[in-house]
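Note that these values count all heavy atoms, side chains included, but never hydrogens, waters or copies made by symmetry. Numbering of ligands and ligand atoms starts at 1, following listing order.
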Amino acid sequence: MSDMAMALNTVRSSPAGPQEGWLQLLAHTLPGGVGYFAADSLRCVWASPLLAAYNGYTARSALEKTMPQVLGDNAWNLLEGQLAGDLQRTDLTCLCDHPSPCGNVRKSEIQLRAHRDATSTVLGWLVLVHDRTAQWLADRAVQHSEERLRKFAAATDEAILFHRAGNFLDGNAALQRLTGHSAAELMGRNIYDLLPQRFQGPAGEYERYGGEYLFEAAIVHRSGHEVPVEIVGKTMPEQDASYRIVVLRNITQRKQAQQQEAFQRLHDPLTQLPNRRHLMDLLDNALAQAQQERTQAAVLFVDLDHFKTINDSLGHQAGDRLLCEMARRLRATVRDEDVVARLNGDKFAIVLTQIQSRDNAAAAADKLILAVCQSITLDNTPLTLSPSIGIAMYPDDGLDALELLRNADAAMYHAKDSGRANRQFYAPDMAGRATEVLRKERLLRAAIAQGSFVLHYQPQLRLSDGALAGFEALVRWQHPERGLVGPDEFISFAESRGLITPIGRWVLQEACRQLKEWQTQGLAFVPVAVNLSALEFRQRDVAADIAQVLQDSGLAPQYLDIELTESVLMHNASQGLATLHALKALGVGISIDDFGTGYSSLAYLKRYPIDKLKIDRSFVMDTPGSSEDVAIVTAIIQMGRSLQLSTVAEGVETPEQIALMQRLGCDLAQGHGLSLPMNAAQTVVWLHARQQLAQVA
Ligand code: C2E
Ligand code: CA
Ligand code: CA
């Protein structure tokens, strides 16, 4: 430095001295600008071209210029105070903005070094100027990116943490929400502590190999429960390989949705019981276990008796509630390890595991029957339901799930045939049953397509004078092999197979057409009664349908009666009432069929626009012998009269019954005692005969 001082002294005394050569060399070699200012005047003694150019001078024109002139106002503002202050300072530094000629701001670092003599008196100032723009820009970029990251981390819902070789360094607010731990609590802790044991190994591997793909794991929340997460890690590029950022996303909802979806795939949405598909798997497992443990297993096929009819008359909501309750009872009656599944509709399957004998299975089935038969109250209506149960034993009745289920199904049909509300074990000769059902359905469909039905007509006579009061149309199926088949054999079957609507429509059309024809022939000016099943009454827009059929046939509405059973009206009362009023508005008559067997209450009868009560055959059958039945029939007739409804005695067979009904004041009668149901041709003959009789009389 003393050389430098000498050199500068020389410069000061003779600017063009011999040392100027190496001074110029130095000035050109230094990366920044350099110059020397006198301490007292602060005027430039010497400036390298770079320093001089800093504020637009040349090395020569800068000479004798003041420090503020050479360094500019920005720098001077920062330096002035420092220079005036502490006199002992030898080094002053500032970083100042320096507008470049093209207007960009550049950053310059300006250093002042005091040049002192032996007594420490300041002789001058060596000035060094460095362009620090590049570094400043780089620093600023880092600062910005960190700030951005921080802002992003704070804003995102994904938990973010930084760690070095597993040691927690930093985390965002979402991390606290996810884990329950604040970043401060986690500081310095091992991040693997956040994972359940089973995920620690794989996560460690992931980190060791610098994994950057997404994987699913869970974290342990501060309160102890696990939270499913999706994790992705990344090694930070500017840092060493052990410095990583980890992003964790809470996937609880997705997991729940997946679980729910998986559950739904395997369970019945109404009862939440396993569905058929799940049953087959569970049954396979149960059979494998039974084989291993050399025990037996039983497959029970449960079908609720008459459920369809109840469902149709109650309405589907009540029907659903009924199914849920039955499902609950079935489930509650067997052991936890047994399987209860819903196959479809009113069909359930139960797998009894670890059964020692057929007796065990029989006892379980009996308990199930009892449970289902308990009465239940729906919409204030007490109901009882019964099941028919078929049982197939493993290994005796089948070795695999499909065979056992099929055989239990066949046994269930046998239980239905044996009067329902009972259980039957599978026997090899039952196997054909199921195919029989399919065959019957096929034949019935063909009959519908070909219109292979006929109507028989049964007269209703007025008891006071024997006059014809009407006909009831009764359908028969012209079976290709068996001849005429009665409705009891196919109406409820057709209902259960969804085939009742086309049959019902055919009956309605044919009855109206036939009566119109007879009227044209001058034969019968009385109504024809058509039976409407519960399903028909609910399913279609009955009133509009009937209006259409009447119009098409040209039959006047007062010549049509509709017969409905009580249960149809009792349940889903409001909809039923609306339909009844619509029918009434058409002008057709309405009869309550099989009266006394359902749940009719006087209150309902009063509300409904009804014309006739048909006293069920079961009450007439044992009269006049059974005084109890006589009492019931008497009560119905009196009630009918007080409600201004006609009464019809059904199934009147004997002269005594006719006489009794007459005496009790019953209005009409129908039955074998008066006339069997007849086909159309027979009816015409019967009508002619009556006309002739009347003429003779
Ligand atoms: P229902 O409406 O009670 O019809 C009366 C049934 O009793 C008829 O049986 C009739 O033949 C029978 N019957 C009449 N008089 C006597 C008698 O003195 N003694 C005895 N033992 N029986 C008598 P059918 O024709 O077999 O019909 C049975 C049931 O089938 C009918 O009972 C009705 O509920 C239903 N049904 C008949 N035709 C139709 C139809 O077109 N549509 C619908 N949905 N159901 C029908
Ligand atoms: Ca009837
Ligand atoms: Ca009846």
Got a sec: is [X] within less than 3.0 Å of the Ca ion (ligand 2) via an N/O/S atom?
| X | result |
| --- | --- |
| N531 | yes |
| E650 | no |
| D594 | no |

Heavy-atom contact under 4.0 Å between [X] and ligand 1?
| X | result |
| --- | --- |
| G504 | no |
| E472 | yes |
| R617 | yes |
| Q670 | no |
| E650 | yes |

Could you check whether [Y] and [X], counting side-chain N and O atoms only, form a donor-acceptor pair closer than 3.5 Å?
| X | Y | result |
| --- | --- | --- |
| T565 | D594 | no |
| D552 | Q548 | yes |
| Q670 | Q460 | yes |
| D305 | S388 | yes |
| E563 | S591 | no |

(request) State the atom name: nearest N, O or S atom of D593 to the Ca ion (ligand 2). (result) OD2
(message) Check this for me, if you would: do E517 and R513 make a salt bridge, where the nitrogen-to-carboxylate-oxygen distance has to be below 4.0 angstrom?
(response) yes
(message) I'd like to know if E403 and R406 make a salt bridge, using a cut-off of under 4.0 Å between side-chain N and carboxylate O.
(response) no
(request) Select the closest option to atom 20 (C) of ligand 1 among E653, E495, E536, judged by heavy-atom distance. (result) E653
